[in-house]
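Working notes for the structure below.
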Amino acid sequence: MTRILLTGNRAAAWGARLARADYLPAFPITPQTEIIETIGSWIDSGEMDCRMATLESEHSMITAAGAAAATGARVFTATSSQGLLYGMEMIYTVAGWRAPFVLVNVSRGLASPLTLEPDHNDVLATRDSGFLQIHCATCQEVLDSILMAYRLGEDARVRLPVIVNLDGFYLSFTREPVETPDPAAVDGFLPPYDPENVRFRASAPLSQAVVVLGGSPYSYFRYESHLAALNALEAHEEIAEEFARTFGRTYGALDTYRTEDAEIVFVMMGSFATKAREAVDRLRQAGRPVGCVRPRLLRPFPEEGLRRALAGKRGVAVIDQNISMGKGGVLYGELASALYGLGQAAPVLVSFIGGLGGRDISAEEFYEMAAVTRSAAEQGTAPPPRLLYTLDELREVRKLQAIAHVERQGLGEES
Amino acid sequence: MSETRFKRMKDLPSGHLLGSGTPMCAGCGGLEALHEIYDILGEKTVFVNAAGCMTLLSVYPFTPFRGSWLYTAMASAPAGAQGVRDALDILLQKGRMAPTDDLEVVVLTGDGAAYGMGLSATSGAIERGLDFLYVCYDNEGYGNTGQQYSGATPHGARTATSTGARGYPGYKKDLFSILAAHRPAYVATAIGAEPLDLARKVEQAKGLKGPRFIIALSPCPTGWDYDPKDTVEIGRLAVRSGVWPLKEYRDGKVTHTKIPGARLPVEDYLKTQGRFAHLFTPQRNEALLGEIQGRVDAYWQAVG
Ligand SMILES: Cc1ncc(C[n+]2csc(CCOP(=O)(O)OP(=O)(O)O)c2C)c(N)n1
Ligand code: SF4
Ligand SMILES: [Mg+2]
């Protein structure tokens, strides 16, 4: 075990290396590219026994990933944003093949407008695909989650591919101290991939991914994937326990922080949750009983855990780093359905949207969200969803708009 | 063409490997070609398929294949082949699979996938030197969705999306040359109605490593509008009229494997199919017929 400074991207590459991934189908996209470059350099130097194939698109990359997994190799791949969406047909398709592999998504906002900086609309677009989803908040968690993701996806009760998500820039390009576990210990935790009966061999012909006729067999196989995804909750608990025993770091389906005696709780995913924790500490210093819950698993969704963690709380501020046009925050909707029917014990849920395209969420905004949620709880009704934005920001955008206007008029005069 | 074990018709395999009772239409020229190809390739194969008519060969829980099958999507069968081939190579190299368990990876797609949506995946696979055989059954349209025109539809043909008096306004894309320009190991055109020529080409392809392609023109009674019993005859006419040149590319050279001696008029071929009926009735469209014949003549003049 060694502790080194690693970016989230390099931590992801280390995860693939320690998992002894056999195969890396790849395609470059910011902010993910450092992952495939890192693994590529290890392959070139002989430090990692893996084969890399650069496909001509993410659609092909995910096809190749699924096909290699369906042949019996341990597969690792990575993408971001537009790449994930370009491959979306295959994200859904390969999930149904029940051939597990790990895909790291380095979150980045989707066009339009075009940006490089992060939010979660990319990964959330795969929510209903059949991929499991693990969301990370630190570089250490990225590495560890990849090891856990292989165990989870390959578990006989599950057998589904897994997306491990980290935020672009905030994690991908941020160096943090990361413990890289001892390879022998990883081998003990994560045995070689056993493809069971899902593989292609001349001696055992197999048809995979075939057509079904009619809704009945179709439904059957779709239900099977759903039930397998639900099985991943129990499997994750066991795997997390073993991980903690082996490596001394504990990762539940939910990362709860100072929630026991909290009256108001922030719920959010990804690296910005570390800002929420910071705010929790400050608010506690000021005598406010606030906590934070960060779902690590989005699929399967840890509903029971959320009910346990949030029942009896007065108010919950759901902070979505995504936006569903015409609806609002995706996590807010997920959480509302999970908490439905709690009766008296149900907290008031308040929806906030922030952090789009990497927009920061300041400490003051966390304090304000806690205050808004507290007063909503006191009144017993939630205000309409809030879109986090400051007057200063608005003034800056107005300036940009004024420049754009002048520029356009200038062009008009020239022509 | 080098030494072949297929010298006469009687050298062709007598038994058929591909099971019967598939949901393909009666008289399907694509299935005819696939039968002939499969008999030679054999069962140590994994067919990686893109969306199209042939996707319905394997409908749970049945398959006519004795070997393996993977359906992918319309655009990315060559990428699926890449994943399977790479995984087999990795497992062989790491000793996790018996060498006797190795498989030939075969992509099977229609023209819509091959000439259009999947072309970049094919180009990428050639760039990477993928060791695979790509079989394109070319029925000159999006057959599975009801024969709309594709990049492979011939000039003037009526399709579900070109129903006017002039038929399809575009020209059939020259996929053979596009593929050959990538300098892969092998590219051939073929047709089920010329089984000896097809068998030799499959034999050639089987003996080579790297990216290999067989584009089989596939008369399609449903999409081309003719009686299923005429599939073989129409296939022969396609060759004898010069509409479908049989050729192969190898080592940088293109060779015609069957040069029609006295070429039949293209009309003889066009007349057999309802999709060209508007060229003859209510009156002959001399201009269009002349243009089509002219293009075929020009092709063969260039061949010399
Ligand atoms: C991404 C995508 N778009 C459209 C389709 C619908 N589709 C299914 S088969 C097909 C036609 C394929 O044409 P071709 O490759 O020529 O095969 P054929 O049907 O003629 O056998 C189409 C358009 C699809 N399956 N996937
Ligand atoms: S539509 Fe044409 S290509 Fe498709 S199965 Fe029928 S005959 Fe064959
Ligand atoms: Mg077609």
Side-chain angles (χ1 to χ4, degrees), chain A residues 20-25 27 49-75 77 86-87 89-90 92-94 96-97 99 101 192-195 199-214 217-218 220-221, chain B residues 23 42-49 51 55-91 93-94 96-105 117-118 120-125 127-128 130:
Chain A
R20 300 194 188 282
D22 294 309
Y23 187 45
L24 171 73
F27 195 84
D49 187 8
C50 177
R51 182 185 288 232
M52 176 171 172
T54 300
L55 280 293
E56 69 294 330
S57 76
E58 291 83 358
H59 187 280
S60 281
M61 177 187 92
I62 294 164
T63 307
T71 308
R74 184 174 276 160
V75 179
T77 188
Y86 195 81
E89 180 191 24
M90 299 319 292
Y92 275 73
T93 303
V94 301
W97 295 358
F101 65 92
Y193 175 44
D194 175 7
R199 76 257 176 287
F200 292 115
R201 301 290 181 272
S203 58
L206 184 69
S207 297
Q208 298 197 53
V210 298
V211 185
V212 294
L213 288 184
Y218 180 79
Y220 177 86
F221 291 113
Chain B
E43 59 201 44
K44 284 183 80 167
T45 41
V46 48
F47 276 74
V48 183
N49 173 242
T55 301
L56 292 169
L57 285 174
S58 295
V59 179
Y60 189 78
F62 303 110
T63 178
F65 291 93
R66 296 186 189 210
S68 293
W69 169 273
L70 176 68
Y71 169 72
T72 53
M74 190 166 165
S76 58
Q82 183 82 44
V84 173
R85 182 67 264 160
D86 284 345
L88 290 171
D89 286 343
I90 289 163
L91 296 172
Q93 182 215 326
K94 293 187 175 178
R96 296 197 336 239
M97 195 182 103
T100 49
D101 261 341
D102 196 12
L103 294 160
E104 168 89 73
V105 183
M117 197 189 274
S120 112
T122 303
S123 180
E127 264 167 51
R128 295 183 297 268
L130 179 63

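When reading the values below, keep in mind they use all heavy atoms of this one structure, side chains included, and skip hydrogens, waters and symmetry mates. Order of the sequence lines sets the chain letters (A, B, ...), proteins ahead of strands, with each chain counted from 1.
Counting heavy-atom pairs closer than 4.5 Å to chain B, the top-ranked of the candidates A:Leu213, A:Val94, A:Val75, A:Leu55 is A:Leu55. When the candidates B:Ala77, B:Ala121, B:Gly67 are compared by the number of heavy-atom contacts under 4.5 Å with chain A, B:Ala121 comes out ahead. If you tally non-hydrogen atom pairs under 4.5 Å between each of B:Tyr71, B:Phe65, B:Trp69 and chain A, the highest count goes to B:Trp69. Contact count against chain A (heavy-atom pairs under 4.5 Å) is highest for B:Ser120 among B:Gly124, B:Ala98, B:Gly118, B:Ser120.
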Donor-acceptor pairs under 3.5 Å, side chain of residues 61-72 of chain A to any protein atom, not counting sequence neighbours: which ones?
| residue | atom | partner | partner atom | Å |
| --- | --- | --- | --- | --- |
| A:Thr63 | OG1 | A:His59 | O | 2.7 |
| A:Thr63 | OG1 | B:Ser76 | OG | 2.8 |
| A:Thr71 | OG1 | A:Ala67 | O | 2.7 |

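Rounded to the nearest 0.5 angstrom, B:Met97 CE and A:Ser203 OG are separated by 8.5 Å. One distance of note links OG of A:Ser207 with CG of B:Leu70; it measures 9.5 Å at 0.5 Å rounding. Taken to the nearest 0.5 Å, the NZ atom of B:Lys94 stands 9.0 Å off from the CZ atom of A:Arg20.
For B:Thr100, the part lying under 4.5 angstrom from a heavy atom of chain A is the backbone only. For chain A, the nearby parts of B:Ser58 are the backbone and the side chain; heavy atoms of each come within less than 4.5 Å. The part of A:Thr93 that comes within reach of chain B is its side chain, from C-beta onward, which places non-hydrogen atoms under 4.5 angstrom from that chain. Using a 4.5 Å cut-off between heavy atoms, A:Phe221 contacts chain B through its side chain alone, with no backbone atom that close. Using a 4.5 Å cut-off between heavy atoms, B:Leu91 touches chain A through its side chain atoms alone. Contact of B:Val46 with chain A is made through the side chain alone, with heavy-atom distances under 4.5 Å.
Under a 3.5 Å cut-off, the side chain of B:Ser68 and the backbone N or O of A:Leu206 do form a donor-acceptor pair.
Here the side chains of B:Tyr60 and A:Val211 are not in contact, with every heavy-atom distance at 4.5 Å or above. Residues B:Thr122 and A:Glu56 fail the side-chain proximity criterion, which asks for heavy atoms closer than 4.5 Å. Contact check for A:Trp97 versus B:Thr72: side-chain heavy atoms found under the 4.5 Å cut-off. Contact check for A:Asp22 versus B:Arg96: side-chain heavy atoms found under the 4.5 Å cut-off.
When every heavy atom of A:Asp49 is checked against every heavy atom of B:Gln93, the shortest pair comes out as OD1-NE2, 4.1 Å.
Legend: salt bridge (Lys or Arg N to Asp or Glu O under 4.0 Å) pairs involving residues 73-86 of chain B, not counting sequence neighbours, sorted by first then second residue: A:Arg51-B:Asp86, B:Arg85-B:Asp89, B:Arg85-B:Asp102.
For A:Tyr86, the OH atom is loosely surrounded, since the number of other residues' heavy atoms within 6.0 Å does not exceed 12.
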Could you walk me through whether A:Phe200 and B:Leu103 pass side-chain contact (heavy atoms from CB on, under 4.5 Å), step by step?
-> CA-CA 8 Å; A:Phe200 292 115; B:Leu103 294 160; 3.7 Å; yes
